[in-house]
Amino acid sequence: MFKESQRYRTIYCGKISKNDIDKTVKVSGWVHSVRDHGGIIFIDLRDKTGLVQIVIDPKRDFYKTLEHWRLETVICFAGKVVERSVESVNPKLATGEIEIVADEMEILGEAEIIPFQIAKDDKCSEAIRLKHRFLDLRREKLKNNILLRGAIISEIRKKMIDIGFTEFQTPILTSSSPEGARDYLVPSRLHPGKFYALPQAPQQFKQLLMVAGFDKYFQIAPCFRDEDARADRSPGEFYQLDVEMSFVTQEDIFSAMEELFVHVFNKYSKKGVIEAPFIRIPYEESMLKYGTDKPDLRNPLIIQDVSEVFKNSKFNAFSGTVKKGGVVRALKVENIADKPRSFFDSMVKYAQSEGSKGLAYIIFQNGKERSPIVKFLSDKELSSVKSITGVKDGDVVFFVADKEKNANNIAGAVRTELANRLDIINKDCYKFCWITDFPMFEKDEDAGQVIFSHNPFSMPQGGMKDLLEKNPLDVYAYQYDIVCNGVELSSGAIRNHKPEIMYKAFEIAGYDKRVVNEKFGGMINAFKYGAPPHGGIAPGVDRIVMLLADEPNIREVIAFPFNQQAQDLMMSAPNSVSERQLKELSIKLDIPKKSK
RNA sequence: GGGGGCGUAGCUCAACUGGUUAGAGUACCAGCCUGUCACGCUGGUUGUUGCGGGUUCGAGUCCCGUCGCUCUCGCCA
């Protein structure tokens, strides 16, 4: 009755509809749930497309052949699709109007007792989920995330090719780079004592492809960095949409990426439409207004500078800070004057936990000001605060005073914490922005040395002239980030393609010419043979999927993620290797004994 | 590398200040049930309380060590 090609199925479970009524079909899948009524058994059978109800009559010989219908057993059923009676339609199921009356049954794969439930929303520790990732991937949420990931990546590819980019592959075994994160190293058998490194990003390769003349490059590139995990940072490896373009300015890159993001997000977003262009915020403005270089623009709170107001104040905590070169920052929050004392106390505590000396505040209520600090302030200072912040009755203004860098961090953390506690973040939208004009250099607080603040390959704004004439700390780079809802999706830059400017930039950061030639010789040498101006960006694919899947943890959008200690609990990686393998690689182990 | 938290049944969790036979839900097993859809009902099994040591008449509980997991800071040009 069934052809050879229909050995296991004629149709997917979730695809059966009223159109198939009276047809004889064959389906294969996992036992999702069993409802045994003694006289009749219902089984929900699941495949990647969904569920369908199988009805088993007690007269069937296979009714008793099974000792148990253990959940997650893989079974093939053949039978007739019938319409359900009106009362027994299940509106919760896509296939709820029909069911299959089984004629034949074949067990394809038995299941032992599963460590956690697939059908029910069974909580269980992440270690167990990771160890049995293949089971976790059967669950609705994770399955949908991974399918969404596939769809997004395919859409990104399509769009990138549409707008004129070519996809490339670059080496996975490459050389270690001196800057950046720790490398993953791979020992070389043919060259004892030497190591390959897995690329932290295909940075130099994509720039070399520009020098080669390919003009528009992209790659869904795996990147390897040996750094510790965070909620939005999977250890080990992650994927970037790596992009590079020739003969472009920063604006050209922005508009190409805006076209991509608008297309992909509007196709897969469940949170309304996004529009280009995205807001551009200079780095310094972002640090002032949001206290971070990855602002969540869904948060309506904005930080303001009020240092001038308190410069000569009698409130020494503020005036002293300003006189020592620090700043005072104000954060107005509307309509929270009636919050209890405990709310303000716990905010002060929170600010202190973030390293603040304190958190001053003024409550404006019923035409009066209530505050631990108001008695130190003159009428003029108070009215300046009012006019700068535009405070209304019922509002509260918080103050942070510290060195600029600390004040930014603390005010930024307080801004986020207040928004979370007050639940004033609109979770139902995506807010993109570009952060532009990053400083080229910064001062290493410990060593006192000027260092690159971001990518050493970025072109300084003003080129050689600015490098020669300006204080290095005042030089900006053509360096930018794209941020969405407080998540840094990517950094990018217009690259420095002129060898002499690159030598100079490295010289300022304390590297002499010989070191540059040694470490970046491949690329800088290439720039001596006709290099086009070029630049690029590399948005994190995992983070894009995370945003569109609305997941707070990056491991929920990766099929087989490492745990926090960079281990694969299912495959037992990393693991020891044989003595013979080590010998071939000329490696002797010298594992330090744990202190104590 | 630093700091916090956790470790009890296959899984999730409970067990007062150290006190009787370590419980519940779910899963699993057996039985009943012909229209359920997280089916229902009855009964049952499941434990080296992570591991090792100590204090005590008595330790899941307190102490020390160790292992594992987790969050966080450092780190992520």
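So you know, we letter chains A, B, ... as the sequences are listed, proteins then strands, and number each from 1.
Among the protein residues, A/I128 comes within range of the sugar-phosphate backbone only, with heavy atoms under 4.0 Å from sugar or phosphate atoms but none that close to a base. Heavy atoms of A/N563 sit under 4.0 angstrom from primed sugar atoms or phosphate atoms, though from no base atom. Within the 4.0 angstrom heavy-atom criterion, no nucleotide atom of any strand lies near A/R543.
Side-chain atoms of A/R225 stay outside donor-acceptor range of the base of B/C76, with no qualifying N/O pair under 3.5 Å.
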Would A/E488 and A/K294 count as a salt bridge (charged side-chain N to carboxylate O under 4.0 Å, His left out) if you check the C-alpha gap in whole Å, the side-chain angles of each, and the deciding distance to 0.1 Å? CA-CA 6 Å; A/E488 183 190 318; A/K294 42 180 180 175; 5.2 Å; no

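The phosphate of B/C69 (OP1 or OP2) has no side-chain N or O of A/R129 nearer than 4.0 angstrom. Between A/Q117 and the phosphate of B/G10, there is no side-chain N or O to OP1/OP2 separation shorter than 4.0 Å.
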If the sugar-phosphate is the primed atoms plus P, OP1 and OP2 and the base is the rest, what is the B/S/- string for nucleotides 31-36 of chain B, using protein heavy atoms under 4.0 Å? --BBBB

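Toward the 5' end of RNA chain B, the nearer of the two residues A/Q203 and A/Q565, judged by each one's closest nucleotide, is A/Q565.
More than 12 non-hydrogen atoms from other residues, nucleotides or ligands lie less than 6.0 angstrom from NZ of A/K143. Shown here is A/Y476, whose OH atom has no more than 12 heavy atoms of other residues, nucleotides or ligands within 6.0 Å.
In this structure B/A38 sits in no base pair that meets the Watson-Crick or G-U test at under 3.5 Å. In a base pair of the Watson-Crick type (N1 to N3 plus N6-O4 or O6-N4) or a G-U wobble (N1-O2 and O6-N3), with each distance short of 3.5 Å, B/G1 is matched with B/C73. For B/C6, the paired nucleotide is B/G68, the pair qualifying as Watson-Crick or G-U wobble because both relevant distances are below 3.5 Å.
Checked by atom type, the side-chain pair A/Q352/A/Y350 shows no donor-acceptor distance below 3.5 Å.
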